[in-house]
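Notes for the one structure printed next.
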Amino acid sequence: MERVFTRRIKNIEFYELRIQPGASLTSAPHFDGTKELLTITSGTAQIVSGDNKSKLSHGDSAHYRGDLIHSIENTGDCELIAYLVVTSQ
């Protein structure tokens, strides 16, 4: 996983993620109330946050709780490119 671009403004973080096929990014819970918004620009992914799962592909977006154990998995055959916005209180 490569974080190409990172920017933090107060309680907002912005990342460009590049995840290779078969790889994933798993995160421990962040602070209470943290939310994440992920938009896929290339490839396919499975997002897991707590007991919730979503499958996404090019052009799809999902928002989910970042205050639970969560992961972004590249389920495709090519590099996953996505933009992630993390907001906290």
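Along the sequence shown, the residues carry numbers beginning at 1.
Put simply, the side chain of His58 gets close to the backbone of Thr41: a donor and an acceptor are under 3.5 Å apart. In this structure, Asn74 contributes its side chain and Ala45 its backbone to no donor-acceptor pair below 3.5 Å.
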- prompt: Please walk me through it: do Asp60 and Thr39 pass side-chain contact (heavy atoms from CB on, under 4.5 Å)?
  reply: CA-CA 6 Å; Asp60 291 339; Thr39 300; over 6 Å; no

task: Could you give me the CA-CA distance, side-chain angles and deciding distance for Ile40 and Leu80, then say whether side-chain contact (heavy atoms from CB on, under 4.5 Å) is met?
output: CA-CA 8 Å; Ile40 308 297; Leu80 171 67; 3.8 Å; yes

- request: Start with the C-alpha gap between Phe31 and Gln89, add the side-chain angles, then the distance that decides, and say whether side-chain contact (heavy atoms from CB on, under 4.5 Å) holds.
  value: CA-CA 8 Å; Phe31 295 108; Gln89 299 178 3; over 6 Å; no

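Minimum interatomic distance between Leu37 and Ser61 (heavy atoms only, all atoms of both residues): CD1-CB, 4.3 Å. Closest approach of Gly43 and Cys78 over heavy atoms only: CA-SG, 4.1 Å. In terms of heavy-atom proximity, Ala28 sits nearest to His70 at O-CE1, 3.7 Å. Residues Thr26 and Ser71 approach most closely at OG1-CB, 3.6 Å, considering heavy atoms.
In this structure, CD1 in Ile72 is found 4.5 Å from CG in Leu38, a value given to the nearest 0.5 Å. In this structure, CG on Leu84 lies 11.5 Å from CD on Glu16, to the nearest 0.5 angstrom. Going from atom CG of Asp32 over to atom OG of Ser88 covers 11.5 Å, rounded to the nearest 0.5 Å.
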Which side-chain N or O atoms in residues 46-55 pair as donor and acceptor under 3.5 Å with protein atoms at least two apart or in another chain?
| from | atom 1 | to | atom 2 | distance (Å) |
| --- | --- | --- | --- | --- |
| Ser49 | OG | Arg65 | O | 2.7 |

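Inter-residue side-chain proximity for Thr44 and Ser57 is flagged as met; some heavy-atom pair is nearer than 4.5 Å.
Enclosure of atom NE2 in His63 is not indicated, since only 12 or fewer non-hydrogen atoms of other residues, nucleotides or ligands lie within 6.0 angstrom.
No chain of hydrophobic side-chain contacts below 4.5 Å, direct or via other Ile, Leu, Val, Met, Phe, Trp or Tyr residues, connects Ile81 to Leu25.
If you look at Tyr15 and Tyr83, their ring centroids are not closer than 6.0 Å.
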